[in-house]
Trainee: 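Have a look at this one.
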Amino acid sequence: MQNLNISKIFHEIAEYLEMEEVAFKPYAYHRVAVALENLKDDVGEIYEKGGLKKIKEIPGVGKAIGLNIVEYIETGKIDYYEKLKKKSPVNLGELTSVEGLGPKRIKVLYKKLDIKNVKELERAVKLHKIAPLFGFGEKTEENLLEAIKFFKKAKGRILLGEILPIAKDFYKKLKNFKWINKVTIVGSLRRKKETIGDVDFLVSSKYPKKVMEFFVSMPGIEKVWGKGLTKSSVRIKEGFDIDIRIVSQKSYGSALQYFTGSKTHNIATRKIAMSKGLKLNEYGLFRGDKMIAGKDEVSLYKALKMKWVPPELREDQGEIEASLKNKLPQLIEQKDIKGDLHCHSEWNGGKHSILEMAEEAIKKGYSYLGISDHTKFLKIEYGLDEKELSLQRKEINKLNLKFKSKKFKILQGAEVNILKNGLLDIKDIALKELDYAIAGVHSSLKMPKEKMTERIIRAMKNPYIKIIAHPTGRVLKKRERYQLDFNKILRAAKEFKVILEINSSPVRLDLNDQYIRSCKDFGVKMVINTDAHRKEQLNWLEFGIGQARRGWAEKKDIINTRSLLQLTKFFK
DNA sequence: GCCGTTTTCGGCCCGACTGTTTTCAGTCG
């Protein structure tokens, strides 16, 4: 699939053109970039079958952009893009991911201070060179400092959603290699952390040499850091590292435990071993020289008088004690989920029709799917107004007639905007007609804590609001959560029987693990939604489930584990 | 650069917010 590579280049071209204050062209490039992201077929294949003529049928693609696409397909490069880069050698991808910086400001920074990347930006901020610039000021400089801090903190880690598909690809190839006996993804990826530093594989094999030779020559590997008989590291073309470790079969369990981490969890388990006069390391659990466990994880924990701890819990956040007392939670699993309550359709400029989304949901074995398109305040998402919602209702009713025999139902929701004052952008009379309504904050994200808390609580008081979407508003690697008094939110959620969402979108994963656990402890129900804008994104559920498990959530805590009947009753 | 039931030129998504200005540009969603 070259679509996403080209799309990324077009977004960047657009940004370069915006920098140069070229009118309207940026819009054209952004538009095609988005069209490519949403395209079902690979442009390479389209070109093969129908040539430039077919390429030009992609909406927004005319002669010039069409030729750019063809050039990329044939040469892997776009000359126009290379020229723009040469003209303004700034790291746009990096600088635009600093919040508050767009093409215009980046241009000023480049022209006046020769700033080309975040490092140079940071230096300039610290020397107070930004504030005196025309159009900037003290406050902007302050905000930039904060944004840089955040940028640096998030840097170097990759989103779970980006890395997991790639890691799974390598995993499959390793698993199928005939000299490999066993292979497992370990490290933070096995613990399903929302961001990952690098990928770790654990392998057992009697032929480490053959395995290592196979590993370092796998396609997509750019550089080999180190190649030994038990341990190797490589950098892959996507820009992150993969480590592989080979152990003997009899140590597989202890190695699994050791390399899964987290470090704090391991230290705690080692202490328990020590208290029993045992020694625990990656090779096994030992009494003196005698190995008493280590072949598999279950028996290893058992030898420590512990119950096996699910990887998602291994953070030394109470799981050790719970395991010793046999009080570990029965964590939610993907198969417990009966439906998705937050997804979008083509009514919202999404990729797929309500029918297509529903068919995908049926394929996944769901008994319901809630279509919850944005409402009118969000112009960019083609937000629906009261009238459009009622038209959509008619379509959904019609579709539901079809599904009757299949024990499947489409529910109509809406993702309503919480305005600055806590009021909603849709009239109650329209909300009343929906099966349920979701409310979310999409504007004025930088309010003071008290105001933001009040604002959201006011929305929760509306009797038609059943769910708060992405309750803390964080965007991974980009934006901190809004200032919130989460305890007040919890109390309000309980009082007004509002469900808090675990949004599975890889950039959100909001609520995070800590808040999920607070909800559970406080008795506030949650829902695991994907926020899918196209049918494939219904698969994001996996990430939300991982997050929920990290937050100790059980089936009973999650509302979309309930049957259609139970759910509709709950909403009523 | 693209597009067309206002069709080969003239318009292109837009409202809110912030911080900068003194009426508005840049950014965000």
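A, B, ... follow the sequence lines: proteins, then strands. Residue 1 opens every chain. Values in this document were obtained by computation on a predicted structure and should not be read as measured data.
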Trainee: Listed by chain and number, what are the ring-ring contact (aromatic ring centres under 6.0 Å, His included) partners of Tyr515(A), not counting sequence neighbours?
Mentor: Phe486(A)

Trainee: Consider the side chain of Ala28(A), meaning its heavy atoms from C-beta on, and name the nucleotide among dG1(B), dT18(B), dG29(B) that approaches it most closely.
Mentor: dG1(B)

Trainee: Could you work out, with side-chain hydrogen bond (donor to acceptor under 3.5 Å, both in side chains) as the rule, every residue matching Glu433(A), not counting sequence neighbours?
Mentor: none

Trainee: Can you check whether Phe24(A) stacks with the dC2(B) base, using ring centres under 5.5 Å and planes within 30°?
Mentor: no

Trainee: Let me know the distance between CD of Glu20(A) and C1' of dG1(B), rounded to the nearest Å.
Mentor: 15 Å

Trainee: So, using salt bridge (charged side-chain N to carboxylate O under 4.0 Å, His left out) as the criterion, who are the partners of Arg191(A) when residues are at least two apart?
Mentor: Glu315(A)

Trainee: For Arg481(A), enumerate each residue passing the salt bridge (charged side-chain N to carboxylate O under 4.0 Å, His left out) test, keeping only those at least two apart in sequence or located in another chain.
Mentor: none

Trainee: Would you mind pulling out the nucleotide paired to dT8(B), Watson-Crick or G-U wobble, both distances under 3.5 Å?
Mentor: none

Trainee: What is the nucleic acid contact for Val32(A), judged by heavy atoms within less than 4.0 Å: base, sugar-phosphate only, or nothing?
Mentor: nothing

Trainee: Can you name the side chain to side chain contact (heavy atoms under 4.5 Å, CB included) partners of Val70(A), sequence neighbours left out?
Mentor: Tyr47(A), Leu52(A), Glu74(A)

Trainee: Is there a side-chain contact between Asn143(A) and the phosphate of dT18(B), meaning an N or O under 4.0 Å from OP1 or OP2?
Mentor: no

Trainee: Kindly say if Arg479(A) contacts the phosphate of dG29(B), meaning a side-chain N or O under 4.0 Å from OP1 or OP2.
Mentor: yes

Trainee: Could you run through nucleotides 20-25 of chain B and give me one letter per nucleotide, 5' to 3': B if any protein heavy atom sits under 4.0 Å from the base, S if only the sugar-phosphate is that close, - if neither?
Mentor: S-----

